[in-house]
There are 4 protein chains.
Amino acid sequence: MKRNERKEMILESAKRLFSDRGYYQTQISDIMDAADVARGTIYQYFKNKDDIFTTLLESYLKRYENMVSEAILKLDLKTITPIEYLRFRIHTTFLFFAEDPDICNTLLRMGLGLPQHFDSVILRFEQRITNIITNDIQLGVNNGHVRPGLDMEIAANFYAGAILRCAYHFFGGASRGMSRGDLEAATHKITDMIARGIFSTP
Amino acid sequence: MKRNERKEMILESAKRLFSDRGYYQTQISDIMDAADVARGTIYQYFKNKDDIFTTLLESYLKRYENMVSEAILKLDLKTITPIEYLRFRIHTTFLFFAEDPDICNTLLRMGLGLPQHFDSVILRFEQRITNIITNDIQLGVNNGHVRPGLDMEIAANFYAGAILRCAYHFFGGASRGMSRGDLEAATHKITDMIARGIFSTP
Amino acid sequence: MKRNERKEMILESAKRLFSDRGYYQTQISDIMDAADVARGTIYQYFKNKDDIFTTLLESYLKRYENMVSEAILKLDLKTITPIEYLRFRIHTTFLFFAEDPDICNTLLRMGLGLPQHFDSVILRFEQRITNIITNDIQLGVNNGHVRPGLDMEIAANFYAGAILRCAYHFFGGASRGMSRGDLEAATHKITDMIARGIFSTP
Amino acid sequence: MKRNERKEMILESAKRLFSDRGYYQTQISDIMDAADVARGTIYQYFKNKDDIFTTLLESYLKRYENMVSEAILKLDLKTITPIEYLRFRIHTTFLFFAEDPDICNTLLRMGLGLPQHFDSVILRFEQRITNIITNDIQLGVNNGHVRPGLDMEIAANFYAGAILRCAYHFFGGASRGMSRGDLEAATHKITDMIARGIFSTP
DNA sequence: TATGAATGAGTATTCATTCAT
DNA sequence: GATGAATGAATACTCATTCAT
């Protein structure tokens, strides 16, 4: 087995376990067993347990960034309407969580409330989502689509919370999976609620 | 010192610590020190560490229930408009978290991702919030104020997430505190966003 | 059992083990067994294994200092001859090692070559011995008893090495113990060799 | 690279490391890195870590033996005076340690206090030194140069300790190096101290 | 009731050694 | 011969819980 395959296997197993049980409930022996690897092998690829978790967390962030930046390329920014733009953004985020329930669970639940050290990575993710929303609203403001009187800071947090909770509701916890069609429908409904909240003309 | 004073002191100290560091980062010795109580004493009032945390969690839920049901009594349900009713509900929830940052932190951050056993208590709280919102919307539906086509399940999760995250943004983490006036303003803005999202006439 | 008795018992057991096997060959479990104490108990009295060893080492130094300073009080410095003074000093050091073979072994053998951190404590002990000798020679110089041309630095190291090796030869390793009479005789012989080496008139 | 060059390289690196950090502080990986050799390669030349250290220790002893026996050939035993003979012996030992600070450090410090197994090699070295001294004194006794009343066993240990400590003082630890002239001078002084201690006429 | 010394199961981590390529 | 990924026994340390005083 190639070097990277092994490392990947450990990460894969750890990802699942951290998602299911959280950081403290996951023992090195659990990861060993799941990855079918000896104790020492884990420490050949990672400095310690912390390192495994951090590596995963960072990869989730990177993956989200990639997904967002790749998605945007598919858009024809010239012709797209504000509401279509909004819907597309939300869709991307939902797709991200739909693709990997472990990431969903970790980022949206199990990774929360951990020591400062880990939590800060999650916070960066949340910050990123909030930033995207803020920027998107700002874009609408510039284009004159956003209703006057909207408090940007509050709105960003408000809709970030809304979207993230819906994501967890759809893809996280026990309720794993959602049909393609349902996802489209849900995206529409959610976009609708946001549009009504921020745009001047419904 | 009276029996209940002691117990209260332990709970008080544990509350703060769990809120600051989370369940696993808080040691019995920390609670001992903070409560200025001997190790054995803690085990005279609580079966184990788990019991302390569960006791706190349950008390938070109870307190929220009390607050909600007491608040409703102050309302004149005959004359109140749907939007005022909504605003009042949100205000109650914000007041709850504003009153005690430790509860806010625990319920909205540190308590998340814990083993099934604890998490279920938190889930009950989230469920409760979502239920209240669902019921309130249902009330609006019955009265003909809610726009047609609104998906109740999604909307309930959507706005629950929105409100909870705003609560954490205002009162949780490091950003402890918010002036009375700001709270009123924020409540207005948030109510506004929700109203636009669900009511037929803005 | 009183608090300090326990701590003393752990130290006593550790002292013997470190002396017999050295630092790395001594496991916490060995100390546990020897002291008839549970694992956790050791960590209630000491921060870690290192702490146990350092505590012992420091106590040896302190004990030596006490012995040296108490011994000097018994001397009538007015009437004593230089050679008697020298003999007395050597006798004190031999007595110190004769009293406790574990200290002898640790300070003169097992404690050597350990990481900087420990070694420095031992070095302090060796330094102390060398200093005493240097001072004593200086005393002889001032009184005109020391032969001209003696290199103080070399002499101090020379005789420190000589005395310490003899101490180890007599009381260290397997050869534990030496009769009172033999000790006196050896002290005389050694004093004689030193006196011949440093004094002007034999 | 030839087979023996490799082995030599490993030994060379290990020698330095054992001298600097001691046996337990030196990891196989350190030796790998220093010798620029793969992990498995080390085990092709040596049975285990122990084997490397023992090989080195044995080579030190052998080297000392060679040096001593080669040196003696340069002497005209017919005409040499007892004191010149003594000086020559001490000089040889100092030269041995001066030539290689790593050997000095290992034999005189880092190698001490190791498990029985290693320690016995060092003990053999110390024994050898003591024997040489004993024999040399015996020679003096036979020739009538040694003062009556000298205790051979004690004297041998005494002067072995003295010489070895001076060697460590001059060449070991941090104080690496000593000029040719200083070495000669020191040898003279030390020989002088020994001569005064054991010979009948100074 | 209050105490705090004692406990030991549980856990992460190290590192010499092996062996298939 | 050389390599270095894989191994797992060994070990230090933690911390919730107990119980005699």
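Naming: A, B, ... by sequence-line order, numbering from 1 per chain.
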task: Sort out the partner of F/dA9 for me: Watson-Crick or G-U wobble, both distances under 3.5 Å, none otherwise.
output: E/dT14
message: Counting only Watson-Crick pairs (N1-N3 plus N6-O4 or O6-N4) and G-U wobbles (N1-O2, O6-N3), all under 3.5 Å, who is the partner of E/dT21?
response: F/dA2
Using 0.5 Å steps for rounding, measure from the [atom1] atom of [X] to the [atom2] atom of [Y].
X: C/Asp33; Y: C/Ser13; atom1: CG; atom2: OG; result: 10.0 Å
X: D/Gln25; Y: C/Tyr24; atom1: CD; atom2: OH; result: 3.0 Å
X: C/Asp36; Y: C/Met9; atom1: CG; atom2: CE; result: 6.0 Å

Looking at [N], I'd like to know if its phosphate oxygens (OP1 or OP2) sit under 4.0 Å from a side-chain N or O belonging to [X].
X: C/Tyr43; N: F/dT14; result: no
X: B/Arg6; N: E/dA2; result: yes
X: C/Tyr45; N: E/dA6; result: yes
X: C/Gln27; N: F/dA12; result: yes

For atom [atom1] of [X] and atom [atom2] of [N], their distance in whole Å:
X: A/Tyr24; N: E/dG10; atom1: OH; atom2: C1'; answer: 16 Å
X: B/Ile31; N: E/dG4; atom1: CD1; atom2: C1'; answer: 17 Å
X: C/Lys49; N: E/dT14; atom1: NZ; atom2: C1'; answer: 13 Å
X: B/Asp30; N: F/dT14; atom1: CG; atom2: C1'; answer: 13 Å
X: C/Gln44; N: E/dT7; atom1: CD; atom2: P; answer: 9 Å
X: A/Ile10; N: F/dA5; atom1: CD1; atom2: C1'; answer: 11 Å
X: C/Asn48; N: E/dT14; atom1: CG; atom2: C1'; answer: 16 Å
X: D/Arg21; N: E/dC15; atom1: CZ; atom2: P; answer: 11 Å

- prompt: Using the benzene-type ring in the case of Trp, are the ring centres of C/Tyr60 and C/Phe125 under 6.0 Å apart?
  reply: no
Closest nucleotide among [options] to the [X] side chain:
X: C/Thr41; options: F/dC13, E/dA6, E/dT18; value: E/dA6
X: D/Ala38; options: E/dA6, F/dG4, E/dG4; value: F/dG4
X: B/Ile28; options: F/dT3, F/dA6, F/dA16; value: F/dA16

- request: Measure distances between side-chain N and O atoms of B/Arg39 and base N and O atoms of F/dT17, and say whether any donor-acceptor pair falls under 3.5 Å.
  value: yes
- prompt: For D/Ser29 and B/Gly40, take the nucleotide of DNA chain E holding the closest heavy atom to each; which residue's nucleotide lies nearer the 5' end?
  reply: B/Gly40
field: Which residue lies more 5' along DNA chain E, comparing A/Asp50 with B/Ile42 via nearest heavy atoms
entry: B/Ile42
message: Please check this pair: side chain of B/Ser120 against backbone of B/His117, looking for a donor-acceptor N/O pair closer than 3.5 Å.
response: yes
